[in-house]
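Note that these values count all heavy atoms, side chains included, but never hydrogens, waters or copies made by symmetry.
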Amino acid sequence: MATKLKTLLGKEFLDSSHFNLAMTHRSASSKHNERMEFLGDSILGVIISEALYQQMPGASEGYLSRLRASLVNEDVLSEIGAELQLGDHLKLGSGELKSGGFRRKSTLADAFEALIASVYLERGIEASKDFVLQMFRSRLKNLPEEDELKDPKSRLQEFLQSRGLDLPEYSLISTTGDAHRQTFTTECKIESLKIKTEGVATSRRKAEQLSAASAYKQVTSK
């Protein structure tokens, strides 16, 4: 049974009421971890923001914001939750158990945020800071360059502007599927370069980003 968390925080902590609540999903009890998720999310944001501020003295506000977003998101938090084997500790209702809720990204990410809150409530801000920085150590050592974090539409626009070229035009080509499960197809057109690319995704924004990414590949290869 999940020894990594026990090694990091100790058996006494794992027996605490705060940890028990942090690992209780709303499907299992009326007393669950959602309020702790809220607190943990705030604590995590402050700790990571401070770490980036201290580590990147020359970074702009925009770059720092994008760095934080690349670290504090469901994908990363669920990865850490899986590394800590939080699924072994989660208390889930029968429906969630049957549907594999202990492996679900959103559930693991929320549980990790609640875990941070439980460390804070049990041991204080310095202990929670030490814990968070330990969990993010390798990620903070390997931060992406600023250009890597820009979304495809921004990268495409900046590239075209820097060369005095026409800016791209985006249009919606089609929308298919039921209202709750639609697929969007968009087009990115750069008239002066005779470039037209398409993107297909479950939201118009994502589709535009995909079409921009394809266009960016074309203009940078010319």
Side-chain angles (χ1 to χ4, degrees), residues 1-56 59 64-144 148-149:
M1 164 78 90
T3 57
K4 185 167 185 177
L5 205 54
K6 184 177 177 181
T7 301
L8 287 169
L9 296 171
K11 183 179 184 301
E12 181 182 344
F13 178 84
L14 269 58
D15 291 335
S16 70
S17 59
H18 285 126
F19 177 73
N20 182 66
L21 184 59
M23 294 299 106
T24 304
H25 190 263
R26 66 176 303 160
S27 63
S29 173
S30 59
K31 293 183 179 180
H32 50 74
N33 64 7
E34 287 186 356
R35 280 169 52 86
M36 296 187 80
E37 292 167 22
F38 163 78
L39 179 58
D41 175 67
S42 298
I43 295 167
L44 175 61
V46 170
I47 293 170
I48 293 299
S49 294
E50 183 191 11
L52 292 172
Y53 181 83
Q54 298 293 349
Q55 185 175 322
M56 308 287 287
L64 289 173
S65 294
R66 286 190 286 272
L67 281 172
R68 182 177 59 194
S70 75
L71 293 169
V72 183
N73 60 64
E74 185 178 282
D75 287 341
V76 173
L77 301 190
S78 63
E79 284 175 9
I80 296 175
E83 289 167 11
L84 292 172
Q85 298 173 286
L86 293 186
D88 290 349
H89 292 282
L90 282 170
K91 296 174 180 64
L92 303 169
S94 58
E96 280 292 311
L97 277 172
K98 289 177 182 176
S99 64
F102 59 93
R103 290 190 299 266
R104 192 171 294 120
K105 277 187 175 184
S106 59
T107 302
L108 287 172
D110 291 344
F112 179 61
E113 289 178 336
L115 173 63
I116 293 169
S118 70
V119 176
Y120 169 75
L121 292 169
E122 279 287 312
R123 297 179 176 174
I125 188 62
E126 287 304 318
S128 54
K129 181 178 178 179
D130 290 344
F131 175 67
V132 167
L133 294 179
Q134 184 172 2
M135 292 299 95
F136 281 86
R137 181 176 291 125
S138 63
R139 292 171 174 86
L140 285 167
K141 283 183 178 178
N142 298 285
L143 295 171
E148 295 176 58
L149 293 173

* **Gly40 to Ile116 - nearest heavy-atom pair and separation** => O-CG2, 4.1 Å

* Structure fact -> Output for pair (Ser29 OG, Leu92 CG), nearest 0.5 Å, gives 12.0 Å

* To do: Flag the pair Leu143 / Leu71 as yes when at least one side-chain heavy-atom distance between them is below 4.5 Å, and no otherwise.
  => yes

* **Listed partners of Phe13 passing ring-ring contact (aromatic ring centres under 6.0 Å, His included), at least two apart** => Phe19

* Asked: Roughly how far apart are Arg68 CZ and Leu149 CG, rounded to 0.5 Å?
  -> 13.0 Å

* To do: Please tell me if the side chains of Met135 and Leu8 come closer than 4.5 Å, counting only heavy atoms from C-beta onward.
  => yes

* To do: With rounding to the nearest 0.5 Å, note down the distance linking CD in Glu74 to CD in Glu113.
  => 9.5 Å

* Any Met23 side-chain heavy atom under 4.5 Å of Leu115 side chain -> yes

* Test salt bridge (Lys or Arg N to Asp or Glu O under 4.0 Å) applied to Glu122 - qualifying residues, sequence neighbours left out -> none

* **Rounded distance [0.5 Å steps], CG in Leu133 versus CD in Glu50** => 8.0 Å

* Asked: Nearest heavy-atom pair of Leu77 and Ala109: which atoms, and what distance?
  -> CB-CB, 3.7 Å

* Taking all heavy atoms of Leu64 and all of Met56, pick out the closest pair and write down the distance. => CD2-CB, 4.1 Å

* Asked: What distance do Ile47 atom CD1 and Tyr120 atom OH have between them, rounded to the nearest 0.5 Å?
  -> 10.0 Å

* Taking the side chain as C-beta and beyond, is there a heavy-atom pair between Arg35 and Leu21 under 4.5 Å? -> no

* Taking the side chain as every heavy atom from C-beta outward, state whether Asp110 and Asp41 have any atom pair closer than 4.5 Å. => no

* Got Phe136 and Leu44 here, is their nearest side-chain heavy-atom distance under 4.5 Å? -> yes

* Pair Arg137 + Glu83: basic N to acidic O under 4.0 Å -> no

* **Salt-bridge present (Arg139, Glu79; N to O < 4.0 Å)** => yes

* Structure fact -> Closest non-hydrogen contact found for Leu140 with Ala51 is CD1-CB, 4.3 Å

* Less than 4.5 Å apart, any side-chain heavy atom of Lys105 and any of Asp75? -> yes

* Minimum heavy-atom distance Lys31-Thr24, with the two atoms named -> O-CG2, 3.4 Å

* Asked: Is the closest side-chain donor-acceptor distance between His25 and Ser27 under 3.5 Å?
  -> yes

* Side-chain contact test, heavy atoms from C-beta onward, threshold under 4.5 Å: evaluate it for Leu67 versus Pro144 and give yes or no. => yes

* Asked: Would Leu9 and Arg123 satisfy side chain to side chain contact (heavy atoms under 4.5 Å, CB included), going step by step from the backbone distance to the final call?
  -> CA-CA 10 Å; Leu9 296 171; Arg123 297 179 176 174; 3.9 Å; yes

* side chain to side chain contact (heavy atoms under 4.5 Å, CB included) between Leu90 and Glu96, intermediate numbers included -> CA-CA 11 Å; Leu90 282 170; Glu96 280 292 311; over 6 Å; no

* Check whether any side-chain N or O of Asn73 sits under 3.5 Å from a backbone N or O of Val76 as a donor-acceptor pair, and report yes or no. => yes

* Inter-residue atom distance Asn33.CG - Leu39.CG, 0.5 Å rounding -> 12.0 Å

